[in-house]
Amino acid sequence: METFQSLLGRKLSDALAKAGLPEAADVTPATDPRFGDYQTNAALVLAKQRGEKPRDVAEKIIAHLKVSDVSEMPTVAGAGFINFTLRAESIAQKALEILADDRLGVARSTSPKKIVIDFGSPNVAKPMHVGHIRSTVLGDALARIAQFLGHEIVRDNHIGDWGTQFGMVIWGWKNLLDRPALERDPIGEIVRIYKETNERSTSDPTVREACRQELVKLQSGDPKNFSIWKQCVELSMQDFERIYGLLDIHYDIQRSESFYNDRLPNVVERLLKSGIAEISEGAVCVFFRDIPELADKPCIIRKRDGGFNYATTDVATVDYRINDLKSDTIWLVVGAPQILHFKQIFAIARREGYTADFRHITFGSILGEDRKLMKTRSGENVPLRDLLDEAVQRARKIIEKKNPDLSETEKIDIAQKIGIGAVKYYDLSQYRMTDYVFSWDRMLSLQGNTAPYLQNAYVRVRSIFRKAGAPAGKIDKLILREVAEINLAKRLCQFAEVVPQVLNDFRPNILANYLFELANSFHAFYEACPVLKSEEPVRASRLALSELTGRVMLRGLDLLGIKVPEKM
RNA sequence: GCGCCCGUAGCUCAGCCGGAUAGAGCAACGGAUUUCUAAUCCGUAGGUCGAGUGUUCGAGUCACUCCGGGCGCGCCA
């Protein structure tokens, strides 16, 4: 199924060819309803190239445009814009087609890729905290959207389970561990011993040295240390799983850092042999003398003491994802501070001859009300678990007040969907690069661009169908007479234009904004156009519009990883 | 010092490849409800897009300079 935008774009190309003009600009959604539904500035672009008057060029293009089957007569406006206004019958027809389509009109990508998406990436022995929200939620949404568009997706959780911190964790385990506390709250206890050891080692060189020794023993395969490490990993993974369960996040694979251990010596050897790496001050480094911005920033892949670091692991990870997983595209949803690091990794990969499409997808920070990085009152990272629990509790309180008659099981279910949805949507509805201020009141508000507002639109649809007692029947004609009906139908047709756009620059907020506008259009329709009380055939038509709204909302929110309740 | 990101209404934010008179939401003010869930809708008011210069028929968007904030820059991850 073709969108109006693509259809008009094609017809524009035909017209340009017939008018003997070269390809110029695309057809885009109109910038303002005054100008109709779609517009093109092709005439402006061509007039400039050819030194002609824009409006004359526009007239010439219009003379060859054959769009009467979808659009009213195109008009020239302003400096030389060509405006298209869709015909109500075309909108009705398109909406009907979408109604009959499982994919709601969204086309599959014409060039499907195999994409490894690396997101989340928590660290073992450290609790997940607010800082993990953006990578996790953004990565998951991108994975869902890319998958829906027909790409083959591998969601990979690159868990940090092999860092230097394990020297400290193991030393702490051996010297400070409180067994009963470990039984009660494993992660809390591991974090406690890690923190305390960290403090001791900064003030006491002998502790620091002992930790280093524990790390060396671990890395050389000492059974005792390995077993402690293993237990920490397992306990942490259980903790992660609980949070992923709450968030409804699912990975296809979880290749932790330690997975790459035995590949690291080969990586360094290979890079040395090929001349990409060289020895400098005892360390093995890769220099980028021909890349100005990296010229004075070498990448160390083996430390002077012979140890490997995260750059080595990341080079091995690239190998694995391309050679073993056979991917042609790699997306890394990792914070902006690592931009330089990934530039180096990508540069190394290119020197090795890899042609895969690498994207480092960065994002801004989450700030507290004080506009500084969000922390607890005592200055620590806010544990993600606590934050999500609070979201659900706050949602529960609102439900309790607004709709106290719901059953206990319903309340529990709805509170989860609203609370978790609110946190996710608040994140995804904003441009990923902006730092945003975390605010419970704003994200849980029933008004404005929030998850609860969108969920409410869906709930209203469901409510209509509960009252109707039956799903919308099959119809062969939509009746679009009221402005609110036409606007809603147009909006529904745009879903297929919006979804693929998200991947242009990894902006789920484009989809979020669309869903907000859809909810808006639906609420306006709901106010202006009674559904159940209207006479046939208007009633059936409005039921169909309602059903389609519900389906688009459900699918759209699902692509963002957000669930919808039936009541709220 | 070098590099990256951000700066848009009182507040929180949209504005993808440069396009028409810069848009929402919140808060403020004024209306609509014996409801298909008012958890909503309609309206009013609110702006030198951090500052400046340049490119262009056209700049919030591109280039350069400056100001302000955040982050990064050989053996942590």
K.L.:
Mind checking A/Asn403 for me? I need base, sugar-phosphate or nothing, with any heavy atom below 4.0 Å counting as a touch.
P.N.:
base
K.L.:
Across the strands shown, which category fits A/Glu257 at heavy-atom distances under 4.0 angstrom: base, sugar-phosphate, nothing?
P.N.:
sugar-phosphate
K.L.:
Base, sugar-phosphate alone, or nothing: which one does A/Lys467 contact when heavy atoms must sit under 4.0 Å apart?
P.N.:
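Sugar-phosphate, backbone atoms only, no base.
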K.L.:
Please report the distance, rounded to the nearest Å, between NE2 in A/His360 and P in B/C5.
P.N.:
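After rounding, the gap between these two atoms is 12 Å.
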K.L.:
Is A/Arg432 salt-bridged to A/Asp505, going by a charged N under 4.0 Å from an acidic O?
P.N.:
yes
K.L.:
In whole Å, measure the gap between the C1' atoms of B/G31 and B/G23 for me.
P.N.:
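Going atom to atom, C1' in each nucleotide, I get 24 Å.
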K.L.:
My understanding is that a pair needs two contacts under 3.5 Å, Watson-Crick or G-U wobble. By that rule, which nucleotide pairs with B/A24?
P.N.:
B/U12
K.L.:
Need one value for A/Gln501: base, sugar-phosphate or nothing, where a base atom within 4.0 Å counts as base even if backbone is also close, heavy atoms only.
P.N.:
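Contact class for A/Gln501: base.
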K.L.:
At under 4.0 Å between heavy atoms, what does A/Ser445 touch on the DNA or RNA strands: base, sugar-phosphate, or nothing?
P.N.:
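Here A/Ser445 touches no strand at all.
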K.L.:
So what does A/Tyr453 hit on the nucleic acid, given a heavy-atom distance under 4.0 Å: a base, only sugar-phosphate, or nothing?
P.N.:
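Sugar-phosphate, backbone atoms only, no base.
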K.L.:
Once you round it to whole Å, what is the distance between P of B/C71 and CE of A/Met374?
P.N.:
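Interatomic distance, CE of A/Met374 to P of B/C71: 17 Å.
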K.L.:
Evaluate whether the aromatic ring of A/Phe516 and the six-membered ring of the B/A24 base sit under 5.5 Å apart, centre to centre, with an inclination under 30°.
P.N.:
no
K.L.:
May I ask you to verify whether the side chain of A/Gln455 and the base of B/A39 hold a donor-acceptor pair under 3.5 Å?
P.N.:
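Side chain to base: no pair below 3.5 Å.
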K.L.:
Categorize A/Asn520 for me: base, sugar-phosphate, or nothing, with a 4.0 angstrom heavy-atom threshold over every strand shown.
P.N.:
sugar-phosphate
K.L.:
Students often get this wrong, so: under 4.0 angstrom with heavy atoms, is A/Thr31 touching a base, only sugar-phosphate, or nothing?
P.N.:
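Base contact - A/Thr31 has a heavy atom under 4.0 Å of at least one base atom.
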K.L.:
A/Ala283 near the nucleic acid: base, sugar-phosphate alone, or nothing, with a heavy-atom cut-off under 4.0 Å?
P.N.:
base
K.L.:
Determine the contact category for A/Leu532: base if any of its heavy atoms lies under 4.0 Å from a base atom, sugar-phosphate if only primed atoms, P, OP1 or OP2 are that close, otherwise nothing.
P.N.:
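Contact class for A/Leu532: base.
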K.L.:
So what does A/Glu281 hit on the nucleic acid, given a heavy-atom distance under 4.0 Å: a base, only sugar-phosphate, or nothing?
P.N.:
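Base contact.
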K.L.:
Let's test this: given Watson-Crick or G-U wobble pairing with both distances under 3.5 Å, identify the partner of B/U40.
P.N.:
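WC or wobble partner is B/A32.
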K.L.:
Determine the interplanar angle of the A/Phe438 and A/Tyr426 rings, folded into 0 to 90°, and report it as parallel if under 30°, tilted if 30 to 60°, perpendicular if over 60°.
P.N.:
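Taking A/Tyr426 first and then A/Phe438, their aromatic rings stand perpendicular (interplane angle over 60°).
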K.L.:
Could you tell me how far apart A/Asn41 (CG) and B/A20 (P) are, to the nearest whole angstrom?
P.N.:
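My rounded result for the distance is 9 Å.
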